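Here is the structure we will look at.
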Amino acid sequence: MRWQRRPLIMLLSEGQMSDYKGAALMIDAFPKAKVLLGDKGYDADWFRAALADCKITACIPSKGNRKVPIPHDTALYRQRHKVENMFGRIKDWRRIHTRYDRCAHTFMSAICIAATVIFWINQ
């Protein structure tokens with residue numbers, strides 16, 4: 001089987017928009033995956049049901065106000081820190097952290113340049 005390149009799908013939402021509302025806009029564009037790692041901001045019954053419809057297992061811890069907590073794989077959830085570290089390193093760049101760019105494509109270009117430099121420095 002040949003490796004196929006999938007298009008990059010990114011949603012740039014308002015800063016005050018809830019995490020799972022932004023994810024709801026992208027459910028149809030999710031790549032084929034077995035598990036989705038998410039923080040407590042993605043804990044919603046309808047979002048878990050939508051992931052189940054796509055045959056994706058949700059590894060999302062329950063919010064504190066849930067009457068019956070839903071169990072999750074804690075060992076797998078610990079791997080999420082790698083993604084958080086990557087966002088932390090990208091936000092070290094002042095231009096990205098404060099979002100100086102008005103246009104989404106210019107902002108995405110700045111993110112790509114920062115990610116390239118961070119990758120290049122780590123090599």
Side-chain angles (χ1 to χ4, degrees):
M1 187 167 128
R2 248 175 68 165
W3 179 79
Q4 293 178 345
R5 183 179 173 148
R6 294 181 182 264
L8 175 67
I9 300 168
M10 185 173 174
L11 173 71
L12 186 61
S13 63
E14 303 102 23
Q16 69 273 13
M17 180 185 260
S18 176
D19 289 341
Y20 67 87
K21 288 181 183 176
L25 298 172
M26 296 183 63
I27 285 178
D28 295 333
F30 279 175
K32 292 180 183 177
K34 294 180 183 178
V35 180
L36 180 124
L37 293 175
D39 61 2
K40 291 181 181 184
Y42 293 95
D43 182 30
D45 291 330
W46 65 266
F47 186 62
R48 289 178 184 269
L51 291 174
D53 290 343
C54 296
K55 296 181 177 75
I56 299 174
T57 305
C59 184
I60 302 170
S62 299
K63 287 183 181 176
N65 63 354
R66 211 179 246 283
K67 292 182 181 176
V68 180
I70 298 172
H72 67 283
D73 186 355
T74 55
L76 181 62
Y77 186 73
R78 281 190 212 117
Q79 298 298 316
R80 202 176 71 82
H81 82 280
K82 294 177 182 178
V83 176
E84 294 294 331
N85 291 348
M86 183 268 308
F87 279 111
R89 289 186 128 187
I90 287 179
K91 285 188 174 185
D92 284 344
W93 290 54
R94 185 173 173 208
R95 176 182 201 96
I96 295 168
H97 180 73
T98 54
R99 176 101 196 258
Y100 287 135
D101 303 307
R102 290 185 186 178
C103 300
H105 67 277
T106 309
F107 183 60
M108 181 62 181
S109 299
I111 291 172
C112 291
I113 290 169
T116 303
V117 171
I118 290 168
F119 178 78
W120 177 69
I121 289 173
N122 288 332
Q123 290 299 317

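Computed from a prediction, not measured in an experiment: that's the story for all the values here. Computation of the quantities below employed the complete heavy-atom set of this structure, encompassing side-chain atoms and omitting hydrogens, waters and symmetry-equivalent molecules.
Of all the heavy atoms in C54 and I27, the pair that sits closest is SG-CG2, 4.0 Å. Of all the heavy atoms in R99 and R102, the pair that sits closest is NH2-O, 3.7 Å. Among all heavy-atom pairs drawn from F30 and A23, the shortest one is CZ-O, 4.1 Å. Residues I56 and V35 approach most closely at CG2-C, 3.9 Å, considering heavy atoms. For L51 against A58, the heavy-atom pair with the smallest separation is CD1-CB, 3.8 Å. Shown here for D43 and P61, the closest heavy-atom pair between the two residues is CB-O, 3.8 Å.
For D73 (side chain) and A75 (main-chain N/O), a donor-acceptor pair under 3.5 Å exists by modelled atom type. Looking only at distances, no side-chain donor or acceptor of R95 sits under 3.5 Å from a matching main-chain atom of A114.
Considering OG1 of T116 and CD1 of I121, their distance stands at 11.0 Å, rounded to 0.5 Å. Distance CG/N85 to NZ/K82: 9.5 Å, rounded to 0.5 Å. The CD atom of Q79 sits 13.0 Å away from the CD atom of E84 when rounded to the nearest 0.5 Å. Between atom CG of residue L37 and atom NE2 of residue H81 there is a gap of 12.0 Å, rounded to the nearest 0.5 Å. Taking CG from D53 and CZ from R48, the interatomic distance works out to 14.0 Å, rounded to the nearest 0.5 Å. To the nearest 0.5 Å, atoms NZ (K91) and CD1 (I111) are separated by 9.5 Å.
At a threshold of 4.5 Å between non-hydrogen side-chain atoms, the residues F47 and L36 count as touching. Counting heavy atoms from C-beta on, the side chains of Y77 and I60 never come closer than 4.5 Å. Annotation: side chain of H72 is in contact with side chain of T74 (closest heavy-atom distance under 4.5 Å).
Around atom CZ of R89, no more than 12 heavy atoms belonging to other residues, nucleotides or ligands sit under 6.0 Å away. Counting heavy atoms of neighbouring residues, nucleotides and ligands inside a 6.0 Å radius, atom NZ of K63 exceeds 12 of them.
The hydrophobic clustering, which links ILVMFWY residues whose side-chain heavy atoms are closer than 4.5 Å, places W120 and M86 together. Cluster annotation: I96 and V83 are assigned to the same hydrophobic cluster (Ile/Leu/Val/Met/Phe/Trp/Tyr, side-chain heavy-atom contacts under 4.5 Å, transitive).
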